[in-house]
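Atoms within each ligand, like the ligands themselves, are counted from 1 in listed order.
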Amino acid sequence: MSKIQILFLGAPGSGKGTQSEKITEEFHVVQISTGDMLREAVKNGTELGIIAKAFMDEGSLVTDDIIIKMMKERLQAIDCQKGFILDGFPRTVTQATALDTMLQTSLECCLTHVISLEVPDEPIIERLSGRRISPLTGKAYHVKFNPPAVNGMSEDGKTPLIHRDDDKSETIIKRLEVFHSQADMLKNYYKPSGKLHIVDGSKDPAAVYEDIRKILS
Ligand code: AMP
């Protein structure tokens with residue numbers, strides 16, 4: 001199969017991370033999540049992390065210039081040459097146009113698939129408010145739909161799972177508003193390319209993955 005360079009569009013909690021993980025395992029491409037990169041910067045207390053934290057805590061988007069600079073560097077890394085999945089970037093049309101330029105100049109390539117994972121707001125709120133993250137592996141659990149082996153604990157059975165600050169109710173609502181304010185513009189940006197695929201993300205993760213596999217094969 002030829003190299004795949006996928007972009008996932010979709011609300012926070014639509015399953016982009018879960019599906020990216022499955023694709024990564026099967027297709028051996030690298031997953032690039034701007035949210036994960038920013039959280040790592042916050043954890044390490046870098047200058048980028050300090051600036052980004054304020055935006056993230058209130059559920060707003062970090063400014064385009066910061067994100068574009070971060071992604072320009074990331075896409076130049078050697079691991080991107082075997083193919084990649086973009087999860088959470090671009091989130092604005094400004095970022096999308098910058099991405100096109102980056103791909104042409106650094107990798108001499110373009111996106112092969114743009115997959116929009118669509119889920120109504122109500123289940124998204126339920127997914128995000130119950131989501132818990134393992135600080136050991138980064139794996140996402142859910143208090144109801146995907147509980148860990150030991151209640152509230154990571155894989156070692158003793159490290160508590162994390163409830164992300166921005167997965168708390170008021171911030172979830174704000175993040176969804178921000179998502180909806182950009183979603184149609186982004187889809188319209190990619191529609192003419194013929195690479196945009198709409199996928200029903202409200203099915204169970206295995207069924208969603210089957211739909212995605214059909215698109216990729
Ligand atoms: P995520 O884990 O993808 O939901 O991202 C968490 C937070 O990181 C978002 O609510 C934003 O504050 C920030 N963020 C992640 N990706 C981007 C992006 N492409 N543009 C702007 N802000 C972003």
Practice item. Taking the side chain as every heavy atom from C-beta outward, state whether I23 and F8 have any pair of such atoms under 4.5 Å apart. Key: yes
Revision key, fill the gap. Atom 6 (C) of ligand 1 sits nearest the protein heavy atom R39 NH1, 3.5 Å
Check your understanding: Do NZ/NE/NH1/NH2 and the carboxylate oxygens of K174 and E177 come within less than 4.0 Å?
Key -> no
**Study point:** Option set D36, L86, V62, criterion heavy-atom distance to atom 22 (N) of ligand 1, minimum
**Key:** V62
Practice item. Applying side chain to side chain contact (heavy atoms under 4.5 Å, CB included), run through I4 and V29 and close with a yes or a no. Key: CA-CA 8 Å; I4 52 173; V29 291; 3.8 Å; yes
Review point. Between K203 and D200, does at least one N-O distance fall below 4.0 Å, as a salt bridge requires?
Key: no
Point to revise | Side-chain ion pair, D166 and R164, N-O less than 4.0 Å | key: yes
Practice item. Please confirm whether P90 comes under 4.0 Å of ligand 1, counting heavy atoms of the residue only. Key: no
Check your understanding: Going by the order shown, which atoms of ligand 1 are within less than 4.0 Å of some heavy atom of R175?
Key -> 4 (O), 10 (O)
Review point. Which part of S60 is near ligand 1, with near meaning a heavy atom under 4.0 Å away: side chain, backbone, both or neither?
Key: backbone
Practice item. Tell me whether the guanidinium CZ or amine NZ of K191 lies under 6.0 angstrom from the six-membered ring centre of Y189 and within 45° of its axis. Key: no
Revision key, fill the gap. heavy-atom search around atom 15 (C) of ligand 1 in the protein gives R91 NH1, 3.3 Å
Review point. In terms of residue, atom name and distance, what is the protein heavy atom nearest to atom 19 (N) of ligand 1?
Key: G88 O, 2.8 Å
Review point. Looking only at protein heavy atoms, which one is nearest to atom 20 (N) of ligand 1, and how far off is it?
Key: Q95 NE2, 2.9 Å
Exercise for review: Kindly say whether I115 contributes a backbone atom to a donor-acceptor pair with the side chain of H113 at under 3.5 angstrom?
Suggested key: no
Practice item. Would you please determine whether R164 falls within less than 4.0 Å of ligand 1 on a heavy-atom basis? Key: yes
Review point. Looking only at non-hydrogen atoms, which of D167, V42, L38, T34 approaches atom 14 (N) of ligand 1 most closely?
Key: L38
Review point. Any non-hydrogen atom of M71 lying under 4.0 Å from ligand 1?
Key: no
Review point. Is K187 paired with E118 through a side-chain N to carboxylate O contact shorter than 4.0 Å?
Key: yes
